[in-house]
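Take a look at the structure below.
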Amino acid sequence: MKARFKYRIYPTLGQKHRLARLVGCVRVVWNDSLACCQEKYKLGKKKTTNSELQKQFITLAKKTEDRVWLSVVSAIPLQQSLNDLNQAYQNFFKSTQGNRKVKPIRAPKSKSRMSLPTARFTKGGFKVGQHKVYLGTIGKLKIVWSRELPATPSSVTVIKDSANRYFLSFVVEVWPEVLPKTDNLVGNYLGVKTFVTVGTLHGTSLRGKKIDAPKPLRKRIKKYRKLSKSLFKKTKGSKQYEKARLKIAKFHAKLKDTRIDFLHKLSTEIIRENQTIVLEDLNVSGMVKNRKLSRAISDLDWRTFRTFIEGKAEKYGHDFRVISRWEPTYQICSCCGFKGGKLDLSIS
(Lines give C-alpha, C1' and ligand atoms only; values in the text may rest on other atoms or scores of the structure.)
Protein backbone atom coordinates (compact mmCIF):
# COMPACT_ATOMS: atom_id res chain seq x y z
CA MET A 1 0.00 0.00 0.00
CA LYS A 2 1.07 3.58 -0.61
CA ALA A 3 1.39 6.23 2.08
CA ARG A 4 2.21 9.93 2.14
CA PHE A 5 4.80 11.58 4.36
CA LYS A 6 4.69 15.36 4.60
CA TYR A 7 7.60 17.55 5.75
CA ARG A 8 8.16 21.28 6.12
CA ILE A 9 10.80 22.92 3.91
CA TYR A 10 12.43 26.36 4.06
CA PRO A 11 13.39 27.60 0.57
CA THR A 12 15.56 30.65 0.07
CA LEU A 13 14.26 33.79 -1.64
CA GLY A 14 15.69 32.70 -4.99
CA GLN A 15 14.21 29.21 -4.62
CA LYS A 16 10.80 30.74 -3.84
CA HIS A 17 10.94 32.66 -7.13
CA ARG A 18 11.90 29.50 -9.02
CA LEU A 19 9.11 27.53 -7.35
CA ALA A 20 6.59 30.26 -8.23
CA ARG A 21 7.77 30.12 -11.85
CA LEU A 22 7.49 26.33 -11.92
CA VAL A 23 3.96 26.36 -10.47
CA GLY A 24 2.94 29.02 -13.00
CA CYS A 25 4.23 26.89 -15.89
CA VAL A 26 2.37 23.84 -14.56
CA ARG A 27 -0.82 25.89 -14.37
CA VAL A 28 -0.42 27.22 -17.94
CA VAL A 29 0.17 23.75 -19.41
CA TRP A 30 -2.90 22.42 -17.58
CA ASN A 31 -5.14 25.29 -18.75
CA ASP A 32 -3.92 25.13 -22.38
CA SER A 33 -4.51 21.37 -22.56
CA LEU A 34 -7.89 21.63 -20.84
CA ALA A 35 -9.04 24.33 -23.29
CA CYS A 36 -8.05 22.08 -26.20
CA CYS A 37 -10.00 19.13 -24.78
CA GLN A 38 -13.08 21.26 -24.07
CA GLU A 39 -13.06 22.67 -27.60
CA LYS A 40 -12.93 19.16 -29.11
CA TYR A 41 -15.83 18.01 -26.95
CA LYS A 42 -17.92 20.97 -28.13
CA LEU A 43 -17.23 20.00 -31.75
CA GLY A 44 -18.07 16.36 -30.99
CA LYS A 45 -14.56 15.13 -31.70
CA LYS A 46 -12.65 12.45 -29.82
CA LYS A 47 -10.48 13.53 -26.90
CA THR A 48 -6.80 14.08 -27.66
CA THR A 49 -4.58 11.39 -26.14
CA ASN A 50 -2.16 12.19 -23.34
CA SER A 51 0.91 11.67 -25.53
CA GLU A 52 -0.46 14.06 -28.15
CA LEU A 53 -1.15 16.69 -25.50
CA GLN A 54 2.39 16.42 -24.15
CA LYS A 55 3.83 16.79 -27.62
CA GLN A 56 1.65 19.77 -28.50
CA PHE A 57 1.66 21.75 -25.24
CA ILE A 58 5.15 20.92 -23.91
CA THR A 59 7.57 19.80 -26.64
CA LEU A 60 6.29 21.99 -29.49
CA ALA A 61 5.13 24.84 -27.24
CA LYS A 62 8.72 25.40 -26.01
CA LYS A 63 9.70 26.31 -29.58
CA THR A 64 7.04 29.04 -29.89
CA GLU A 65 7.57 32.65 -28.90
CA ASP A 66 4.60 32.74 -26.49
CA ARG A 67 5.68 29.65 -24.50
CA VAL A 68 9.46 29.67 -24.85
CA TRP A 69 9.79 30.17 -21.06
CA LEU A 70 8.52 26.60 -20.50
CA SER A 71 12.04 25.36 -21.30
CA VAL A 72 13.41 27.13 -18.20
CA VAL A 73 11.69 24.75 -15.75
CA SER A 74 11.90 20.98 -15.39
CA ALA A 75 9.77 19.03 -17.88
CA ILE A 76 8.80 16.35 -15.33
CA PRO A 77 6.19 18.44 -13.40
CA LEU A 78 4.72 19.61 -16.71
CA GLN A 79 4.27 16.02 -17.86
CA GLN A 80 2.77 15.03 -14.50
CA SER A 81 0.30 17.91 -14.83
CA LEU A 82 -1.04 16.40 -18.06
CA ASN A 83 -1.08 12.93 -16.47
CA ASP A 84 -3.26 14.38 -13.71
CA LEU A 85 -5.56 15.96 -16.32
CA ASN A 86 -5.91 12.62 -18.10
CA GLN A 87 -6.70 10.87 -14.80
CA ALA A 88 -9.23 13.57 -13.90
CA TYR A 89 -11.09 13.00 -17.17
CA GLN A 90 -11.08 9.23 -16.65
CA ASN A 91 -12.56 9.66 -13.17
CA PHE A 92 -15.18 12.04 -14.56
CA PHE A 93 -16.25 9.61 -17.30
CA LYS A 94 -16.45 6.71 -14.85
CA SER A 95 -18.53 8.87 -12.54
CA THR A 96 -21.02 9.80 -15.28
CA GLN A 97 -21.33 6.15 -16.27
CA GLY A 98 -21.97 5.09 -12.69
CA ASN A 99 -18.79 3.00 -12.38
CA ARG A 100 -17.58 4.88 -9.29
CA LYS A 101 -19.17 4.16 -5.91
CA VAL A 102 -18.23 7.56 -4.51
CA LYS A 103 -20.15 10.81 -4.93
CA PRO A 104 -20.37 11.96 -8.60
CA ILE A 105 -17.58 14.34 -9.55
CA ARG A 106 -17.48 17.23 -12.00
CA ALA A 107 -15.40 17.65 -15.12
CA PRO A 108 -11.90 19.14 -14.72
CA LYS A 109 -11.82 22.92 -14.58
CA SER A 110 -9.13 25.50 -15.24
CA LYS A 111 -6.71 26.57 -12.52
CA SER A 112 -6.45 30.16 -11.35
CA ARG A 113 -3.61 31.90 -9.56
CA MET A 114 -5.56 31.49 -6.33
CA SER A 115 -5.55 27.69 -6.66
CA LEU A 116 -3.36 25.60 -4.35
CA PRO A 117 0.14 25.81 -5.90
CA THR A 118 1.55 22.30 -6.40
CA ALA A 119 4.10 20.59 -8.64
CA ARG A 120 4.97 16.87 -8.63
CA PHE A 121 8.36 15.34 -9.38
CA THR A 122 8.86 11.66 -10.15
CA LYS A 123 12.05 9.57 -10.16
CA GLY A 124 14.85 11.36 -11.97
CA GLY A 125 13.57 14.79 -10.98
CA PHE A 126 14.52 14.74 -7.29
CA LYS A 127 17.11 13.34 -4.93
CA VAL A 128 16.76 12.88 -1.16
CA GLY A 129 19.77 13.78 0.99
CA GLN A 130 20.51 13.70 4.70
CA HIS A 131 19.67 17.35 5.40
CA LYS A 132 18.39 18.62 2.06
CA VAL A 133 16.29 17.51 -0.92
CA TYR A 134 17.33 18.35 -4.46
CA LEU A 135 14.65 19.25 -7.03
CA GLY A 136 15.40 19.71 -10.72
CA THR A 137 15.98 23.41 -11.69
CA ILE A 138 15.07 24.44 -8.11
CA GLY A 139 18.16 23.40 -6.17
CA LYS A 140 18.77 21.95 -2.72
CA LEU A 141 15.92 22.70 -0.31
CA LYS A 142 16.39 22.75 3.45
CA ILE A 143 14.01 20.22 5.02
CA VAL A 144 13.04 19.32 8.58
CA TRP A 145 12.87 15.52 8.96
CA SER A 146 10.26 14.98 11.69
CA ARG A 147 10.58 11.21 11.05
CA GLU A 148 12.50 8.94 8.72
CA LEU A 149 11.11 7.76 5.41
CA PRO A 150 10.39 3.99 5.61
CA ALA A 151 11.48 3.43 1.99
CA THR A 152 12.66 5.21 -1.13
CA PRO A 153 9.90 7.56 -2.34
CA SER A 154 8.47 7.17 -5.84
CA SER A 155 7.41 10.81 -6.17
CA VAL A 156 7.43 14.10 -4.29
CA THR A 157 4.97 17.00 -4.49
CA VAL A 158 5.85 20.59 -3.64
CA ILE A 159 2.98 22.34 -1.85
CA LYS A 160 2.56 25.96 -0.85
CA ASP A 161 -0.43 26.63 1.41
CA SER A 162 -2.39 29.84 1.87
CA ALA A 163 -0.22 30.80 4.87
CA ASN A 164 2.86 30.87 2.57
CA ARG A 165 4.32 27.71 4.11
CA TYR A 166 6.14 25.21 1.90
CA PHE A 167 5.93 21.43 2.23
CA LEU A 168 7.21 18.31 0.47
CA SER A 169 4.82 15.36 0.28
CA PHE A 170 6.54 12.02 -0.46
CA VAL A 171 4.69 8.94 -1.78
CA VAL A 172 6.22 5.78 -0.33
CA GLU A 173 5.33 2.11 -0.75
CA VAL A 174 4.85 0.60 2.72
CA TRP A 175 3.93 -2.87 3.94
CA PRO A 176 1.01 -3.28 6.38
CA GLU A 177 2.18 -3.65 9.99
CA VAL A 178 0.52 -6.54 11.79
CA LEU A 179 -0.11 -5.79 15.46
CA PRO A 180 -0.83 -8.52 18.04
CA LYS A 181 -4.46 -9.59 17.70
CA THR A 182 -6.85 -8.97 20.58
CA ASP A 183 -10.54 -9.67 21.27
CA ASN A 184 -11.27 -5.98 21.89
CA LEU A 185 -14.21 -4.51 19.97
CA VAL A 186 -14.94 -0.80 20.23
CA GLY A 187 -17.88 1.32 19.12
CA ASN A 188 -17.31 5.07 18.72
CA TYR A 189 -20.27 7.41 19.15
CA LEU A 190 -19.56 10.87 17.75
CA GLY A 191 -21.15 13.98 19.20
CA VAL A 192 -20.91 17.76 19.43
CA LYS A 193 -20.67 18.26 23.18
CA THR A 194 -18.42 15.22 23.60
CA PHE A 195 -16.34 14.44 20.52
CA VAL A 196 -16.43 10.67 20.91
CA THR A 197 -17.82 8.25 23.49
CA VAL A 198 -15.94 4.95 23.38
CA GLY A 199 -18.04 1.87 24.15
CA THR A 200 -16.28 -1.52 24.26
CA LEU A 201 -17.35 -5.12 24.84
CA HIS A 202 -14.02 -6.06 26.37
CA GLY A 203 -11.81 -4.24 28.82
CA THR A 204 -9.40 -1.57 27.55
CA SER A 205 -8.13 1.69 28.97
CA LEU A 206 -10.65 3.55 26.79
CA ARG A 207 -13.76 1.62 27.90
CA GLY A 208 -16.73 3.95 28.50
CA LYS A 209 -14.47 6.98 28.18
CA LYS A 210 -15.77 10.31 26.92
CA ILE A 211 -13.16 12.24 24.97
CA ASP A 212 -13.50 15.96 24.34
CA ALA A 213 -12.03 17.64 21.27
CA PRO A 214 -9.79 20.70 21.59
CA LYS A 215 -12.29 22.82 19.57
CA PRO A 216 -9.61 25.35 18.56
CA LEU A 217 -11.97 27.71 16.71
CA ARG A 218 -14.40 27.98 19.62
CA LYS A 219 -11.59 29.00 21.97
CA ARG A 220 -10.31 31.68 19.59
CA ILE A 221 -13.57 32.93 18.12
CA LYS A 222 -13.01 36.52 19.33
CA LYS A 223 -9.66 36.71 17.57
CA TYR A 224 -11.18 35.27 14.39
CA ARG A 225 -13.94 37.88 14.38
CA LYS A 226 -11.38 40.65 14.88
CA LEU A 227 -9.24 39.41 11.97
CA SER A 228 -12.29 39.00 9.72
CA LYS A 229 -13.48 42.51 10.52
CA SER A 230 -10.03 43.88 9.73
CA LEU A 231 -9.96 42.07 6.38
CA PHE A 232 -13.45 43.32 5.47
CA LYS A 233 -12.32 46.96 5.86
CA LYS A 234 -9.37 46.57 3.44
CA THR A 235 -9.56 47.20 -0.30
CA LYS A 236 -9.31 43.95 -2.21
CA GLY A 237 -6.05 43.71 -4.15
CA SER A 238 -4.14 46.19 -1.98
CA LYS A 239 -1.03 45.42 0.08
CA GLN A 240 -2.93 45.93 3.32
CA TYR A 241 -5.57 43.44 2.15
CA GLU A 242 -2.87 40.85 1.46
CA LYS A 243 -1.37 41.39 4.94
CA ALA A 244 -4.77 40.92 6.59
CA ARG A 245 -5.48 37.86 4.41
CA LEU A 246 -2.15 36.31 5.40
CA LYS A 247 -2.94 36.81 9.10
CA ILE A 248 -6.23 34.93 8.72
CA ALA A 249 -4.51 32.20 6.71
CA LYS A 250 -1.90 31.70 9.44
CA PHE A 251 -4.70 31.69 12.04
CA HIS A 252 -6.57 28.92 10.20
CA ALA A 253 -3.34 26.97 9.62
CA LYS A 254 -2.72 26.91 13.37
CA LEU A 255 -6.28 25.72 14.02
CA LYS A 256 -5.91 22.97 11.42
CA ASP A 257 -2.59 21.77 12.87
CA THR A 258 -4.13 21.58 16.37
CA ARG A 259 -7.14 19.66 15.08
CA ILE A 260 -5.15 17.21 12.94
CA ASP A 261 -2.67 16.51 15.76
CA PHE A 262 -5.54 15.59 18.11
CA LEU A 263 -7.26 13.35 15.53
CA HIS A 264 -4.02 11.54 14.68
CA LYS A 265 -3.20 10.77 18.32
CA LEU A 266 -6.74 9.66 19.16
CA SER A 267 -7.17 7.45 16.09
CA THR A 268 -3.78 5.80 16.69
CA GLU A 269 -4.65 5.06 20.32
CA ILE A 270 -8.01 3.51 19.35
CA ILE A 271 -6.47 1.40 16.58
CA ARG A 272 -3.61 0.05 18.71
CA GLU A 273 -5.86 -1.11 21.56
CA ASN A 274 -8.76 -2.64 19.60
CA GLN A 275 -9.04 -5.31 16.93
CA THR A 276 -12.46 -4.27 15.60
CA ILE A 277 -13.52 -0.63 15.33
CA VAL A 278 -17.14 0.33 14.63
CA LEU A 279 -18.09 3.84 13.58
CA GLU A 280 -21.46 5.32 12.69
CA ASP A 281 -22.11 6.80 9.26
CA LEU A 282 -23.13 10.44 9.67
CA ASN A 283 -24.60 12.76 7.04
CA VAL A 284 -22.08 15.51 7.77
CA SER A 285 -22.81 17.48 4.60
CA GLY A 286 -26.46 17.67 5.63
CA MET A 287 -25.76 18.41 9.29
CA VAL A 288 -23.56 21.43 8.56
CA LYS A 289 -26.57 23.10 6.89
CA ASN A 290 -27.96 23.66 10.39
CA ARG A 291 -26.90 27.26 11.00
CA LYS A 292 -26.84 26.77 14.78
CA LEU A 293 -24.49 23.77 14.74
CA SER A 294 -22.55 24.20 11.49
CA ARG A 295 -19.56 25.95 13.07
CA ALA A 296 -19.33 23.45 15.94
CA ILE A 297 -19.56 20.45 13.58
CA SER A 298 -16.95 21.87 11.21
CA ASP A 299 -14.63 22.55 14.14
CA LEU A 300 -14.77 18.85 15.13
CA ASP A 301 -13.93 17.47 11.65
CA TRP A 302 -15.66 14.09 11.93
CA ARG A 303 -14.89 13.16 8.32
CA THR A 304 -11.12 13.41 8.85
CA PHE A 305 -11.40 11.26 11.98
CA ARG A 306 -13.16 8.53 10.00
CA THR A 307 -10.54 8.75 7.24
CA PHE A 308 -7.73 8.33 9.77
CA ILE A 309 -9.44 5.37 11.46
CA GLU A 310 -10.13 3.65 8.15
CA GLY A 311 -6.60 4.15 6.82
CA LYS A 312 -4.86 3.02 10.00
CA ALA A 313 -7.11 -0.03 10.31
CA GLU A 314 -5.98 -1.11 6.86
CA LYS A 315 -2.36 -0.35 7.71
CA TYR A 316 -2.31 -2.43 10.89
CA GLY A 317 -4.57 -5.23 9.65
CA HIS A 318 -7.56 -4.43 11.88
CA ASP A 319 -11.26 -4.67 11.09
CA PHE A 320 -13.15 -1.42 10.42
CA ARG A 321 -16.95 -1.40 10.17
CA VAL A 322 -19.51 1.34 9.53
CA ILE A 323 -23.07 1.29 10.91
CA SER A 324 -25.87 2.71 8.79
CA ARG A 325 -26.88 6.27 9.63
CA TRP A 326 -30.49 5.10 10.01
CA GLU A 327 -29.63 2.60 12.78
CA PRO A 328 -30.96 4.01 16.13
CA THR A 329 -27.77 3.31 18.08
CA TYR A 330 -28.41 6.08 20.65
CA GLN A 331 -31.89 4.78 21.44
CA ILE A 332 -30.98 1.13 22.15
CA CYS A 333 -29.57 0.02 25.51
CA SER A 334 -26.25 -1.81 25.11
CA CYS A 335 -27.10 -4.22 27.98
CA CYS A 336 -30.72 -5.31 27.51
CA GLY A 337 -31.46 -4.04 23.99
CA PHE A 338 -34.45 -1.90 25.08
CA LYS A 339 -35.30 0.90 22.62
CA GLY A 340 -35.91 4.06 24.61
CA GLY A 341 -37.05 6.31 21.76
CA LYS A 342 -35.75 9.66 20.58
CA LEU A 343 -33.40 11.46 23.00
CA ASP A 344 -32.74 15.14 23.49
CA LEU A 345 -29.52 16.65 22.10
CA SER A 346 -28.46 17.62 25.65
CA ILE A 347 -28.15 13.92 26.57
CA SER A 348 -24.66 12.60 25.71
Side-chain angles (χ1 to χ4, degrees), residues 88 91-92 94-109 116 185-201 206 208-219 221 224 252 255-271 274 276-315 318-334 337-348:
N91 294 339
F92 168 67
K94 290 179 180 179
S95 177
T96 55
Q97 296 170 2
N99 296 331
R100 287 172 60 93
K101 296 181 181 180
V102 297
K103 186 178 180 180
I105 60 176
R106 298 180 182 179
K109 60 181 182 179
L116 182 67
L185 183 147
V186 62
N188 301 291
Y189 302 92
L190 301 176
V192 176
K193 187 176 180 181
T194 302
F195 177 74
V196 59
T197 302
V198 182
T200 59
L201 296 181
L206 294 173
K209 190 175 181 181
K210 294 184 178 181
I211 302 173
D212 294 327
K215 299 178 182 178
L217 180 58
R218 182 180 179 182
K219 295 179 180 178
I221 189 63
Y224 173 68
H252 280 292
L255 298 185
K256 182 180 178 181
D257 292 343
T258 303
R259 193 179 296 117
I260 292 297
D261 179 69
F262 163 76
L263 295 178
H264 264 304
K265 290 178 179 178
L266 177 61
S267 58
T268 301
E269 185 179 5
I270 292 175
I271 286 291
N274 301 278
T276 304
I277 301 92
V278 182
L279 200 64
E280 57 184 336
D281 182 27
L282 297 177
N283 183 19
V284 180
S285 60
M287 296 172 71
V288 294
K289 294 179 182 179
N290 184 337
R291 63 183 183 87
K292 294 183 179 180
L293 296 174
S294 59
R295 181 181 293 165
I297 293 173
S298 301
D299 199 20
L300 295 171
D301 206 353
W302 290 332
R303 179 68 236 189
T304 303
F305 178 68
R306 174 176 169 175
T307 303
F308 287 169
I309 288 286
E310 190 171 1
K312 292 176 183 180
E314 181 182 358
K315 179 181 178 181
H318 287 194
D319 186 17
F320 174 74
R321 303 176 187 176
V322 178
I323 297 179
S324 172
R325 66 183 61 172
W326 306 112
E327 190 72 22
T329 54
Y330 283 100
Q331 304 175 17
I332 300 176
C333 178
S334 59
F338 174 75
K339 187 176 179 180
K342 192 174 181 179
L343 302 177
D344 192 77
L345 285 175
S346 61
I347 301 176
S348 60

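Quick caveat, the model's predicted, so the values are computed rather than measured.
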Before giving the answer on side-chain contact (heavy atoms from CB on, under 4.5 Å), spell out for Asp212 and Thr194 the whole-Å C-alpha distance, their side-chain angles and the decisive distance to 0.1 Å.
CA-CA 5 Å; Asp212 294 327; Thr194 302; 3.8 Å; yes
Ignoring hydrogens, what is the shortest heavy-atom contact between Pro108 and Phe92? Give both atom names and the distance.
CD-CB, 4.5 Å
His252 meets the ring-ring contact (aromatic ring centres under 6.0 Å, His included) criterion, sequence neighbours left out, with Tyr224
What I'd like to find out is whether the side chain of Phe262 reaches to under 4.5 Å of the side chain of Ile211, using heavy atoms alone.
yes
How far apart are the closest heavy atoms of Ala313 and Phe320, and which atoms are they?
CB-CB, 3.8 Å
Distance, nearest 0.5 Å, that separates CG of Asn188 from CZ of Phe195
9.0 Å
Side chain to side chain donor-acceptor pair (under 3.5 Å) filter on Lys109, not counting sequence neighbours, yields none
Below 3.5 Å, can you tabulate the donor-acceptor pairs from side chains in residues 284-291 to any protein atom, sequence neighbours excluded?
residue, atom, partner, partner atom, Å
Ser285, OG, Asn283, OD1, 3.2
Asn290, OD1, Lys292, N, 3.0

Residue pairs involving residues 302-312 (criterion salt bridge (charged side-chain N to carboxylate O under 4.0 Å, His left out); sequence neighbours excluded)
Asp281-Arg306
Measure the CG-CG distance between Leu190 and Leu282 for me, rounded to the nearest 0.5 Å.
5.5 Å
Provide the full list of salt bridge (charged side-chain N to carboxylate O under 4.0 Å, His left out) pairs with a residue in residues 293-302, sequence neighbours left out, each pair given once.
Arg259-Asp299
The salt bridge (charged side-chain N to carboxylate O under 4.0 Å, His left out) partners of Arg218 (sequence neighbours excluded) come to none
Let me confirm one number: the CD1-CG distance from Ile271 to Leu266, rounded to the nearest 0.5 Å.
10.0 Å
Plane angle bin for Phe308 and His264 - parallel if under 30°, tilted between 30 and 60°, otherwise perpendicular
parallel
For the backbone of Ile277 and the side chain of His318, can you confirm whether one donor and one acceptor N or O come within less than 3.5 Å of each other?
no
Neighbour count above 12 (heavy atom, 6.0 Å) for Lys215 NZ
yes
Take Trp302 and Val196 through the side-chain contact (heavy atoms from CB on, under 4.5 Å) test and state the conclusion after the steps.
CA-CA 10 Å; Trp302 290 332; Val196 59; over 6 Å; no
Distance, nearest 0.5 Å, that separates OG1 of Thr96 from CD1 of Ile105:
9.0 Å
